[in-house]
Number of protein chains: 2
Amino acid sequence: MITIGQLARYVGVSIKTIRVYHDKGLLPEPDRDASGYRRYGANDAIALIKIRTLAEAGVPLARIRDLRSATDEEYQQALREIDQDLTARIRGLRATQGRLRQLAAGHLAPLPAEVGPYLEDLARWGFTPRWVDLQRDLWVLVFATHPDRATALFRDQSGMLADPALRQLFLDHAHDLDADDPRIDTLARRITEATRQRYGAGELPQLDAESEIPALIQGTVNASSPAWRRLDALIRAGLGA
Amino acid sequence: MITIGQLARYVGVSIKTIRVYHDKGLLPEPDRDASGYRRYGANDAIALIKIRTLAEAGVPLARIRDLRSATDEEYQQALREIDQDLTARIRGLRATQGRLRQLAAGHLAPLPAEVGPYLEDLARWGFTPRWVDLQRDLWVLVFATHPDRATALFRDQSGMLADPALRQLFLDHAHDLDADDPRIDTLARRITEATRQRYGAGELPQLDAESEIPALIQGTVNASSPAWRRLDALIRAGLGA
DNA sequence: ACTTGCCCTGCCCCAAGGGCAGGGTTGAAC
DNA sequence: GTTCAACCCTGCCCTTGGGGCAGGGCAAGT
């Protein structure tokens with residue numbers, strides 16, 4: 001008959017763990033020897049190994065306790081569920097690992113294939129790396145929260161910047177302009193015209209939804225400069241929103 | 001600017017979780033609106049997504065907080081460590097799943113290949129299923145706790161039962177015999193003789209070690225019948241231990 | 001007789017939130 | 001005008017699976 005410390009070493013578990021299992025009714029308290037020490041037999045070791053197998057699989061101790069009084073049928077069913085749960089958790093961890101690697105590579109999350117070239121274009125056209133990174137994160141947010149509308153919004157945006165004249169205006173003027181520079185009015189007019197051309201008289205996708213995310217993003221972009229804030233207001237007014 | 005509930009829904013997390021991240025300094029407290037509600041921007045959402053990616057990878061929140069003030073070098077290094085840790089955890093879970101399936105199949109743990117046929121032989125020779133199961137669990141214990149000596153002990157034991165005469169004695173007599181049946185003496189003599197033959201005058205592997213596990217197992221077996229208890233004592237005496 | 005290494009119980013502590021109480025806000029419906 | 005549901009706020013206690021410590025009792029070698 002071995003002591004609690006020996007049992008703990010054999011099974012690879014702490015003494016405290018065994019005592020907890022006694023307290024919670026997972027493993028019955030064994031008889032004590034003359035000096036009050038717990039004395040264990042081989043059957044206790046076997047029971048403890050079984051308990052650990054389940055506990056390491058993530059089964060709550062209370063559930064393990066209940067399984068002690070389950071029929072064989074219930075027990076097998078429980079084991080099947082635990083197995084499936086384990087499979088799901090392994091899959092989840094692998095997905096997490098994938099996201100982690102995206103994070104390590106500087107990407108917040110994978111984006112649709114068409115966004116990558118657009119971001120590279122931005123860099124090539126002279127937007128600052130800081131700005132490109134912000135754009136990437138914002139698009140992550142849009143694709144994560146509004147997968148249905150994100151693609152349309154993205155094509156709209158990238159189509160706009162595909163026009164070299166508009167692009168040049170963005171690049172040259174908007175960023176470090178005074179808020180009352182008259183060229184902002186010109187820029188706003190050109191953008192409203194281009195937008196009207198794209199959508200005709202129909203509704204404008206950015207403005208019809210009550211969703212907050214596009215507004216949130218516009219706010220973040222606006223926060224970078226008073227000039228952009230005024231530009232946004234002018235465009236909004238020009239489109240009659 | 002969105003509220004805490006909207007942010008929580010977008011990122012797929014509970015409101016409480018966000019508040020906890022504020023309390024622990026993971027995510028800075030945003031400004032409040034006129035009625036004291038927290039108001040979040042897109043950058044908060046981006047930061048929260050990053051935090052969740054790490055938290056789901058099992059990184060403690062305190063560590064995530066510290067990473068906020070790490071250099072890029074440290075950050076990349078930390079991500080590599082987390083990735084490796086994740087790989088290890090996935091491997092561990094797969095191993096656990098394997099052990100779980102052994103458990104579902106009625107085995108406590110995988111045993112060396114040679115043990116399986118031996119257990120099947122036991123069943124074929126007429127030992128009760130209950131007894132065979134006990135034997136399997138006991139061997140699991142021996143192989144788990146004394147991998148170095150388990151194989152020798154096992155070959156010794158299985159060799160003994162390979163002798164049909166000895167086997168028959170075990171089977172017919174020992175189990176439901178009175179403790180003072182004279183045939184036990186005969187049986188003990190035959191076993192000591194066979195053991196001496198096997199090992200000559202050298203040391204006997206079962207008895208030399210101070211390890212408790214073999215004694216534990218012998219005790220468990222003895223507990224099943226007074227006759228076996230006496231048989232064990234006779235063998236011990238006969239071998240001069 | 002001392003020391004070292006076990007063992008005992010009872011207590012408080014941790015992370016990562018969950019849940020509830022008690023109270024204020026907002027917006028829409030009646 | 002009020003009432004209702006759906007939000008938000010803070011503060012507090014609860015949970016799981018143990019870890020760790022205090023304060024004390026055995027065991028065994030030297």
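Keep in mind it's a predicted model, so treat the numbers as computed, not measured. Because only heavy atoms are used, hydrogens play no part in the values below, and waters and symmetry mates are left out as well, while side chains stay in. Chain identifiers are assigned alphabetically (A, B, ...) following the order of the sequence lines, protein sequences preceding nucleic acid strands; residue numbering begins at 1 within each chain.
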Steps toward salt bridge (Lys or Arg N to Asp or Glu O under 4.0 Å) verdict (A:Arg19, A:Asp23): CA-CA 6 Å; A:Arg19 290 207 266 246; A:Asp23 285 353; over 6 Å; no
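Side chains of B:Gln77 and B:Glu73: no donor on one and acceptor on the other come within 3.5 Å.
Between the CG atom of A:Leu54 and the P atom of D:dT16 there is a distance of 17 Å, rounded to whole Å. Spacing between atom OH of A:Tyr40 and atom P of C:dC6 amounts to 16 Å, rounded to whole angstrom units. Here D:dG17 presents its P atom at 15 Å from CG of A:Leu48, a figure rounded to the nearest Å. Note: CD1 (B:Ile4) to P (D:dC7) measures 13 Å, nearest angstrom. With rounding to whole Å, B:Gln6 atom CD is found 12 Å from C:dG27 atom P.
The B:Arg32 side chain lies nearest to D:dT10 when the options are C:dC7, D:dC8, D:dT10.
In terms of heavy-atom proximity, B:Met1 sits nearest to B:Gly41 at SD-CA, 4.1 Å. Across every non-hydrogen atom of B:Ser14 and B:Ala8, the tightest pair is C-CB, 4.1 Å. Minimum heavy-atom separation, A:Leu26 to A:Arg68: O-CD, 3.1 Å. Taking both residues in full, the closest heavy atoms of A:Ile64 and A:Ala55 are given as CD1-N, 3.6 Å, listed atom of the first, atom of the second, then distance.
For residues 59-67 of chain A, proximity to DNA chain D is found at A:Pro60, A:Leu61, defined as any non-hydrogen atom under 4.0 angstrom from a strand atom. Contacts with DNA chain C (heavy atom under 4.0 Å) in residues 11-31 of chain A: A:Ile15, A:Lys16, A:Arg19, listed by number.
Under the 4.5 Å side-chain criterion, counting only non-hydrogen atoms from C-beta, A:Leu103 is in contact with B:Leu54. Residues B:Asp66 and B:Arg63 are not in side-chain contact: their nearest non-hydrogen atoms beyond the backbone lie 4.5 Å or more apart.
In this pair, B:Phe154 and B:Trp139 present their aromatic rings perpendicular. The plane angle is above 60°, beyond the 30 to 60° band.
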Every protein N/O lying under 3.5 Å from an N/O of nucleotides 25-29 of chain D:
unit_1: D:dG25; atom_1: N2; unit_2: A:Tyr37; atom_2: OH; d: 2.6

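In this structure, B:Thr3 reaches the D:dC8 phosphate: one of its side-chain N or O atoms is under 4.0 Å from OP1 or OP2.
Heavy atoms of A:Arg52 sit under 4.0 angstrom from primed sugar atoms or phosphate atoms, though from no base atom.
If you take NZ on A:Lys16 and CD1 on A:Ile4, they are separated by 11.0 Å, rounding to the nearest 0.5 Å.
Of the possible polar contacts, none joining the B:Gln84 side chain to the B:Glu81 backbone as a donor-acceptor pair under 3.5 Å is found.
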